[in-house]
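Just so it is clear: chains get the letters A, B, ... in the order the sequence lines come, proteins before strands, and each one is counted from 1.
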There are 2 protein chains.
Amino acid sequence: MENQLEEIYKKLHEQDYKITPQRQVILKAFLNNAKEHLSAEEVYNIVKGQYPDIGLATVYRTLDLLVDLDILQRINFGDGRARYEFSSRAEHHHHHLICLACGKVLEFDHDLLESLENFITKKTDFQITDHQLKFFGYCRECREKGQEKP
Amino acid sequence: MENQLEEIYKKLHEQDYKITPQRQVILKAFLNNAKEHLSAEEVYNIVKGQYPDIGLATVYRTLDLLVDLDILQRINFGDGRARYEFSSRAEHHHHHLICLACGKVLEFDHDLLESLENFITKKTDFQITDHQLKFFGYCRECREKGQEKP
DNA sequence: ATAGATGCAAAGAGTTTGCAACTAC
DNA sequence: GTAGTTGCAAACTCTTTGCATCTAT
C-alpha cells in the first residue's frame, strides 16, 4: 500500500509532472479511503483538512491527470457526478452493485468476463480494452427497513 | 412497431397522464431512431422540425416521465450527457461497445448474464433488478484509419 | 372546469478555463 | 530560471425549477 504511492510518484516523475503537496494529499485521500468511490467534491472536502488553501479546480485537474496516467479510473454511478477509484483495483475485476433505494455501492469480485470479451471481439471485430458491469437493485438493509421501494 | 406506440399511449392513459402533441412527437422521434441512443438535446433538435415551439424543458420533463414509466431507460456513456433508449430493447439484453476513439456506440446481443445475477444475489443478498454492461475499446474503423489511438 | 402540461427565463449543479501569482525542479 | 502548477473567479454545459399561461380530458 505504501509503495503504491512510491510507484505513482515514479510514474509522475517519468512523465515530467511535478510532485506537488496538493497532488500528494489527493493521492493519500484515495489511499486512506480505498473502499470508497470518491467524487471530486468528496476529495476536496477530505483534503481541505490537511491543506486548507487547496482549490476545487486543482482537485479536478489532478483527477483528470491521474485518469490520463491510468492511475485512477473514472466511474459514473448515475448520481450526476463522476467518481474515481484506483485502476489497479479495477484490474482484479470487480463489479458494482448500486442500490436504487439508498445509493450505496457494493462490490463483487468476479474475473470471468474475459471469455465474453474474446467472444465479442471475435464476433464484432471490436477490440475491447476494458469493461464496466453494473448491477442495479436493492440491498438487504433497504429491503428490510420497510418496503418503501419494493 | 406501430402498436408499440398504442401500448405506450395506453400506459399513459392508465396513469392519467395526458397525451399531448409534444409527447407524441418525442415518442415518434425514438421510434424513428430506434438504433440511436438519443440525448435530450438530440431529441429536441429532431422534434423541433415537426413542432417548432417545443421547449427544451418539455423534452427533459417528458424524458423523465418516460423513464419513470419504464418506457425509456436512461444510459450514461461517459460523454457528459444522459442518453435514452426504449426499455423494451433493454429486455432482450444487449451490451454496449463504446469506441474510445470516435465515441460510436455499437451493440452486442447477449442474454447470458442472468446466471451471474443469481449467483451474486445468492452470495451477497443484494436483489438485482437490472444490469448494464459496457465494453470500452476501439472499433474496426478507428483501428484501420491510422493508429492515432493505439 | 380543472388538473395537468407547457414555454420561457432564471437558477442549480458539476466541471472547465483564463490568468496572474507561485513553486518544484 | 523556468516550465509547470495553483487558486480564484468567471464561464460553460447539462439539467431542473418557478410561474403564468395554456390545453387535453
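- Atoms CG (A/Asn76) and P (C/dG14) sit 12 Å apart, rounded to a whole Å.
- When rounded to the nearest whole Å, the span between OH of A/Tyr9 and P of C/dA24 equals 13 Å.
- A/Ile19 places its CD1 atom 12 Å from the P atom of D/dT6, with the value rounded to the nearest Å.
- Panel note: side chain B/Thr124, backbone B/Ile120; a donor-acceptor pair is recorded below 3.5 Å.
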Can you check nucleotides 4-8 of chain C for protein contacts, nitrogen or oxygen pairs under 3.5 Å, and list what you find?
from, atom 1, to, atom 2, distance (Å)
C/dA5, OP1, B/Arg23, NH1, 2.9
C/dA5, OP1, B/Arg23, NH2, 3.1
C/dA5, O5', B/Arg23, NH2, 3.4
C/dT6, OP1, B/Thr20, OG1, 2.8
C/dT6, O3', B/Gln22, NE2, 2.8
C/dG7, OP1, B/Gln22, NE2, 3.3
C/dG7, OP1, B/Asp53, O, 3.2
C/dG7, OP2, B/Gly55, N, 3.0
C/dG7, OP2, B/Thr58, OG1, 2.2
C/dG7, N7, B/Arg61, NH2, 2.7
C/dG7, O6, B/Arg61, NH1, 3.4
C/dG7, O6, B/Arg61, NH2, 3.3

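- Residues satisfying the side-chain hydrogen bond (donor to acceptor under 3.5 Å, both in side chains) criterion with B/Glu117, sequence neighbours excluded, are B/His131.
- When the side-chain hydrogen bond (donor to acceptor under 3.5 Å, both in side chains) test is applied to A/Asp125, the partners found at least two apart in sequence or on another chain are B/Arg143.
- In this structure A/Glu41 satisfies the side-chain hydrogen bond (donor to acceptor under 3.5 Å, both in side chains) test with no other residue, sequence neighbours excluded.
- Among residue pairs with one or both ends in residues 42-56 of chain A, those qualifying as salt bridge (Lys or Arg N to Asp or Glu O under 4.0 Å) are A/Glu42-A/Arg83; sequence neighbours excluded.
- Atom CZ in A/Arg83 sits roughly 14 Å away from atom C1' in C/dA13 (whole-Å rounding).
- Comparing the local axis fitted to the first five base pairs of the helix from C/dA1-D/dT25 to C/dC25-D/dG1 with the one fitted to its last five gives a bend of 40°, rounded to 10°.
- With sequence neighbours excluded, the residues that form a salt bridge (charged side-chain N to carboxylate O under 4.0 Å, His left out) with A/Asp64 are A/Arg74.
- Remark: P of D/dT16 and CD of B/Glu41 are 14 Å apart, rounded to the nearest angstrom.
- Checking the phosphate oxygens (OP1, OP2) of D/dT16, no side-chain nitrogen or oxygen of B/Tyr60 falls inside 4.0 Å.
- In this structure a side-chain-to-backbone donor-acceptor pair under 3.5 Å is missing from B/Ser39 to B/Arg81.
- Within the structure, every pair that satisfies the ring pair (Phe, Tyr, Trp, His ring centres under 6.0 Å) test and touches residues 35-68 of chain A, not counting sequence neighbours, is listed here: A/His37-A/Phe77, A/His37-A/His96.
- Taking atom CG of A/Leu38 as the reference point, atom P of C/dT15 lies 13 Å away to the nearest angstrom.
- Contacts of A/Lys104 classified as side-chain hydrogen bond (donor to acceptor under 3.5 Å, both in side chains), with partners at least two apart in sequence or in another chain: A/Glu141.
- Rounded to an integer number of Å, the gap from A/Arg81 CZ to C/dT15 P is 8 Å.
- We find that CD of A/Glu42 is positioned 11 Å from P of C/dG14, with the value rounded to whole Å.
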